[in-house]
Amino acid sequence: MARALIEVLNLEVHYGGIAAVKGVSFAVEEGEMVCLIGANGAGKTSTLKALARLLPSRGEVHYGAERIDATPPHELIPRGLALVPEGRGIFARLTVAENLAMGAYHRSDKAGIAADLKRIHGLLPRLRERSAQVAGTLSGGEQQMLAIGRALMGRPKLLLLDEPSMGLAPLMVEKVFEVIRTVAAEGMTVLLVEQNAKLALELCARGYVMESGAITVADTSTNLLADPRVRAAYLGE
Amino acid sequence: MDILLQQIINGLTTGSVYAVVALGYTMVYGVIQLINFAHGEVVMIGAMVAFAVIAALAGSALPPAVIVLAGVLAAVPACMLLGYGLERIAYRPLRHAPRLAPLITAIGMSIILQHLALLVWGRNPIAFPQLIENPSYGIGGAAISGVQIAIIAISLLMMGGLSWLVYRTRFGIAIRATAENVHVASLMGVNADRVIAATFVIGAALGAMAGVMYGSYYGIAHYTMGFVLGLKAFSAAVLGGIGNIPGAMVGGLLLGLVEALGTGYIGDYTDLCRWPGAAEGGWMGERCADGAHFVLFGSNYQDVFAFLMLILVLVLRPSGLLGERVSERA
Ligand SMILES: Nc1ncnc2c1ncn2[C@@H]1O[C@H](COP(=O)(O)OP(=O)(O)OP(=O)(O)O)[C@@H](O)[C@H]1O
Ligand SMILES: [Mg+2]
């Protein structure tokens, strides 16, 4: 088995006195694609935000050989950890090209950046067409493409995705997932948070189920898809 | 003399100084939504430092241009350090405090800086020694002085330079990204502390230049000069749309023009003796005899225009001339 790229031990997140994440532990191996599913308010976003150091948390987060649970957020992407936040978080007043440039902000290898831009334009041709457009005027699907493209410009090792299908039409969801599948196939490690459990489990090899701030089930996607509890709670059966 | 053209020239001169100062307010506001009320005092300290250095060197054998340059080269880094210190010591610890706390701190810093300047330079104005000739050129019935040309040219250069920095460079994109969403910018590897400090330092450098220019234009620097200048520049920033960089430039120039034109004409238009019919017979007739004037509001009402405009903007278009409300954060 490959070594864990990220390993989380007893992660806790509190908002004021309220615990949103109550000591979760999980790991994602290098090159793996893992999903985290759960109902609204289960604590999925809080977990990802804590990993990206946007929220204070307790517990340990190991990334490669390092502990990153006290690292300032801006020092994570140079180490290869990228988060596409819930609601996309594109810079609405910047152009598409400027948003993509921000994705590569921590890099200085001009040739590599140019090559990645070309690759991302190939993967997401809409972004090339809309290069000079102000990002706030893109459609929801285009904004999601931009958010993913921007994260890829950072050439991350680990990509954390928070509900990339949110608010998108089925055809657009399919496109977004296609891109995720492509970069994962190229070796990128992906941790995917999704409401759409069926899609997520079909895409990932294994998954965790989160309920009220705790991980209650961890298994392969095949088993999760067959699990009656999961089917009842998340697949609407 | 062509009053209209003359007032336009004067308005462009003060307006470009307002614009440069307004940029300091608007950049900081854009990034951390703080109105740095101490910015006017940074401008004042820039003028005081430069004038102190110039006054000290005035008797020396150095060429005048070198003396003025030495003043500027002392003022700019001094203000940059001051801007950095303000952010670091006064505002950063309050970054996550309720918004009223840094605002009140800013007012406090402004008072402290004023009194520090009072302690260091005393209560008397420092005069700008007449080192360099200030030639006057006639254009179309009006006059423009060398100092005015220099102020307008230097201001335009600085505005151009800042626009280039903010809209054309990697760091400028990072500033705008941070202004929009500091958390997401940090996910891109942007050190928000560094960007925020940079906006203070850049604003202070521009402010120092503005202070020197403003002081040279009126020939004096004084420890209270930052107050009204700061308020006017703040009005200019609001006029253009606070947080909006082109807005601060447009707002500053416009404010300077309105102020100059208003000051130039208010005496004429509020001279009751010139109102049709007013001077015929009766008490008013006596009062206006022999071409006398009965002026209600003279040019000493100069400072009113900036604040009148501020009130008008706040009532009619609170987001400012260029400040559109973009819908953000889907
Ligand atoms: N800023 C906040 N202040 C207080 N409580 C919060 C805050 N953000 C989230 N919470 C609470 O923490 C819990 C977990 O929220 P979180 O956003 O992590 O859920 P989620 O699993 O991502 O849900 P969803 O699928 O709806 O996005 C919820 O009960 C939520 O109300
Ligand atoms: Mg969520």
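Reminder, nothing fancy here: chain letters follow the sequence lines and each chain counts from 1.
Contact count against chain B (heavy-atom pairs under 4.5 Å) is highest for Arg150(A) among Met153(A), Arg107(A), Arg150(A).
Looking at Glu98(A) and Arg93(A), no side-chain N of the basic residue comes within less than 4.0 Å of a carboxylate O on the acidic one, giving no salt bridge.
With Phe200(B) as reference, Tyr91(B) is the one residue of Tyr84(B), Tyr91(B), Tyr25(B) to meet the ring pair (Phe, Tyr, Trp, His ring centres under 6.0 Å) rule.
In this structure, chain B has heavy atoms under 4.5 Å from both the backbone and the side chain of Leu83(A). If you measure heavy-atom distances from Glu75(A) to chain B, you find no contacts under 4.5 Å at all.
Considering only heavy atoms from C-beta on, Thr199(B) comes within 4.5 Å of Met27(B) through its side chain.
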Exercise. Dump the intermediate steps for side chain to side chain donor-acceptor pair (under 3.5 Å) on Ser165(A) and Asn196(A), then the final yes or no.
Key: CA-CA 8 Å; Ser165(A) 74; Asn196(A) 193 330; 4.7 Å; no

